[in-house]
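A short write-up of the structure that comes next.
FYI, side chains are in, hydrogens and waters are out, and symmetry mates aren't considered; it's all heavy atoms of this structure. Proteins come first, then strands; the chains are lettered A, B, ... in the order of their sequence lines, and each starts at number 1.
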Amino acid sequence: MIQPTHASRRILLPARSWFIYLSLCIALVLNLIPVDYLPLLPDWLALTLAFWCIHQPLKIGMGAGFLFGLLMDVADASVMGQHALAYVLLAFAAGGLSRRVLWFPLALQALQVLPLLLGTQLVMLLVRLATGAEFPGLTYFFSSVIATLLWHPLSYVLLLPQYQPVERDDNRPI
Amino acid sequence: MGHGPPPFFKRGPAPLARLAFFVALALLLLVADLRFHTLEPTRMAVGALLWPLQKAVLLPVEGAGEAGNYFASVARLQEENAGLRQRQTAQANLLLRQAHLDEENRRLRALLDMRERVDAPVQAAEILYAARDPFSRRVVIDLGSSQGIETGQAVIDDVGVVGQVTRTFPLTSEVTLLTDKHQAIPVQVERNGLRAILAGAGGGQMELQFLPTNVDVQAGDTLVTSGLDGIYLPGLPVARVSHISRDNSYAFAHIECAPLAGVERRSQVLVLGKRTPPPEPEASEERPPAPKPGRRGGKGERSR
């Protein structure tokens with residue numbers, strides 16, 4: 001499918017499903033890195049999921065969000081279904097916004113992704129507060145801001161395989 | 001030949017229908033986990049699946065830590081060594097007499113016809129990492145159900161109580177720290193034997209709950225486990241009272257406590273073996289009727 005991309009006038013190669021799932025798995029591994037809780041660390045999985053749901057709404061959606069949410073629930077020692085619920089809502093919202101977001105330049109794309117990520121965190125917060133957990137403080141939402149700043153580099157990294165030319169040319173590696 | 005739409009338009013159920021399905025599924029999971037606690041086997045299976053991944057991620061982190069240790073300056077190690085030696089000498093007096101005191105205690109208890117105190121077996125464990133969940137305070141240790149760890153076992157470090165095992169996986173288990181909001185522990189004020197319940201209050205602090213405003217607790221008092229729950233051995237240090245606000249407009253005093261053990265920063269802990277809870281007192285016929293119930297309980301404990 002030909003995707004609208006903001007600036008580059010080139011036509012991207014179709015995204016490969018295995019690469020999408022591989023990047024989600026890598027994001028999960030990044031989330032699993034055992035550092036003590038810091039509010040600055042972005043939720044890599046939510047960010048990558050939002051990215052692919054915006055770029056490839058036909059290939060990936062709520063099912064993947066639910067599955068990876070469950071894995072995250074177990075890895076995170078949180079309540080079963082907390083991440084699953086939040087990621088499903090994120091995938092739905094990102095898929096719905098996909099036709100609009102991609103027409104903007106990257107900085108403005110990131111601005112539109114920020115409310116999505118904040119909403120994901122808000123859903124998790126509400127789920128946990130409803131069950132009587134302690135409020136972790138407003139710094140909790142800071143990780144979404146950091147994740148938003150990562151949208152620009154992430155876009156380049158994840159779209160790199162699609163920038164390959166159709167015909168191999170030895171004089172032009174990328 | 002069918003006249004259905006070409007495959008290009010086949011996109012499965014509508015997004016809203018899919019959303020409704022997955023949200024319902026997630027809510028079902030939430031309720032099943034929170035209300036009925038029926039998902040532990042699922043969690044265990046997925047946890048076992050994820051374990052190799054977690055272990056792989058853990059390796060570089062551990063390696064970095066070990067490399068840091070390797071290059072630690074000799075001076076620091078020597079200093080630490082000297083400190084440990086000093087502490088060992090200071091405790092030698094107690095340690096040497098421990099066997100004697102234990103024996104004496106056993107004989108006196110036998111004389112008084114009291115039940116013998118059971119010593120719980122101990123397993124040393126290492127904290128692998130703190131759980132990423134910002135809403136609770138839990139750590140993961142490197143012993144699991146295959147090493148005989150069960151939920152409910154107490155976890156201590158060299159200073160005091162750290163928490164309790166709340167979930168076990170085959171090779172790891174989750175320890176809920178005392179500072180978690182859902183964790184409570186029965187304690188006793190060491191100075192006067194007053195019994196109370198200590199619960200996590202968030203922000204790394206704890207709170208002594210449900211004590212009247214005129215209660216005899218002072219800032220600096222040490223709280224030890226009372227052992228009434230049948231889980232924690234009695235006498236383990238837990239916390240120190242840091243701040244008391246007695247406001248008569250509230251029914252209870254607001255007593256803040258700080259944990260003694262390095263609850264949030266230790267890496268080596270001990271898991272105490274499961275205590276067999278004391279048998280329920282039998283309702284026997286020949287017990288003399290209690291003279292006046294209600295008056296004795298609270299006062300009697302305090303005069304100890």
Side-chain angles (χ1 to χ4, degrees), chain A residues 1 25 28-39 41 43 57-58 61-67 69-89 91-93 95-96 121 123-125 127-137 139-141 143, chain B residues 11-12 15-16 18-19 21-23 25-35 38-40 42-51 53-54 56-58 60-62 127-140 166-167 169 174 176 179-182 200-203 264-265:
Chain A
M1 193 176 100
C25 286
L28 178 70
V29 169
L30 282 178
N31 265 6
L32 290 184
I33 290 179
V35 280
D36 288 348
Y37 171 68
L38 283 175
L41 288 178
D43 187 347
L58 294 186
M62 290 167 248
F66 186 79
L67 188 72
L70 276 192
L71 291 178
M72 209 43 218
D73 279 331
V74 174
D76 219 15
S78 53
V79 180
M80 278 294 231
Q82 171 197 329
H83 282 86
L85 179 65
Y87 286 173
V88 164
L89 290 171
F92 174 73
Q121 284 198 299
V123 169
M124 292 201 238
L125 182 73
V127 166
R128 293 309 290 271
L129 286 190
T131 59
E134 61 178 273
F135 182 63
T139 49
Y140 169 64
F141 289 108
S143 77
Chain B
R11 292 181 57 171
L16 264 178
R18 260 189 282 179
L19 177 74
F21 172 72
F22 282 118
V23 165
L25 207 57
L27 288 179
L28 203 72
L29 280 180
L30 273 173
V31 173
D33 193 25
L34 285 170
R35 197 57 59 170
T38 44
L39 288 181
E40 289 311 307
T42 323
R43 191 183 276 278
M44 215 156 175
V46 182
L49 259 174
L50 275 178
W51 172 240
L53 211 58
Q54 277 172 313
V57 176
L58 210 57
V61 176
E62 273 177 352
I127 294 182
L128 292 177
Y129 54 90
R132 217 177 115 112
D133 187 21
F135 302 101
S136 61
R137 306 212 170 234
R138 294 190 200 145
V139 293
V140 176
T166 46
R167 196 176 273 153
F169 295 105
E174 270 171 38
T176 303
T179 42
D180 189 274
K181 212 181 161 194
H182 286 160
E264 316 250 334
R265 44 177 200 280

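- The contact between B:L16 and chain A is made by backbone and side chain atoms together, counting heavy-atom distances below 4.5 Å.
- Neither the backbone nor the side chain of B:L49 has a heavy atom closer than 4.5 Å to any heavy atom of chain A.
- Nearest heavy atoms, B:L30 versus A:Q82: CD2-N, 3.9 Å.
- Per-residue heavy-atom pair counts under 4.5 Å with chain A were compared for B:H182, B:M44, B:R167, and the maximum is reached by B:H182.
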Could you give me the CA-CA distance, side-chain angles and deciding distance for B:F22 and A:L89, then say whether side-chain contact (heavy atoms from CB on, under 4.5 Å) is met?
CA-CA 9 Å; B:F22 282 118; A:L89 290 171; over 6 Å; no
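- The minimum heavy-atom distance linking A:P136 with B:P134 is given by the pair CB-O, 3.7 Å.
- For B:R138, the part lying near chain A is the side chain, with the backbone staying farther off; criterion is any non-hydrogen pair under 4.5 Å.
- Side-chain contact between B:T42 and A:L70: absent, with no pair of heavy atoms (C-beta onward) separated by less than 4.5 Å.
- Once rounded to the nearest 0.5 Å, the distance linking CE of A:M124 with CZ of B:F135 reads 7.5 Å.
- The most heavy-atom pairs under 4.5 Å with chain A, out of B:V46, B:L28, B:L27, come from B:V46.
- Of the two parts of A:L28, only the side chain, counted from C-beta on, holds a non-hydrogen atom closer than 4.5 Å to a non-hydrogen atom of chain B.
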Test side-chain contact (heavy atoms from CB on, under 4.5 Å) on B:Y129 and A:I33 and set out the steps.
CA-CA 9 Å; B:Y129 54 90; A:I33 290 179; over 6 Å; no
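- Residues A:R128 and B:D133 approach most closely at NH1-OD2, 2.8 Å, considering heavy atoms.
- Taking CG of B:L50 as the start and CG of A:L32 as the end, the distance is 6.5 Å to the nearest 0.5 Å.
- Both the backbone and the side chain of A:N31 come within less than 4.5 Å of a heavy atom of chain B.
- Counting heavy-atom pairs closer than 4.5 Å to chain B, the top-ranked of the candidates A:A84, A:S78, A:A133 is A:S78.
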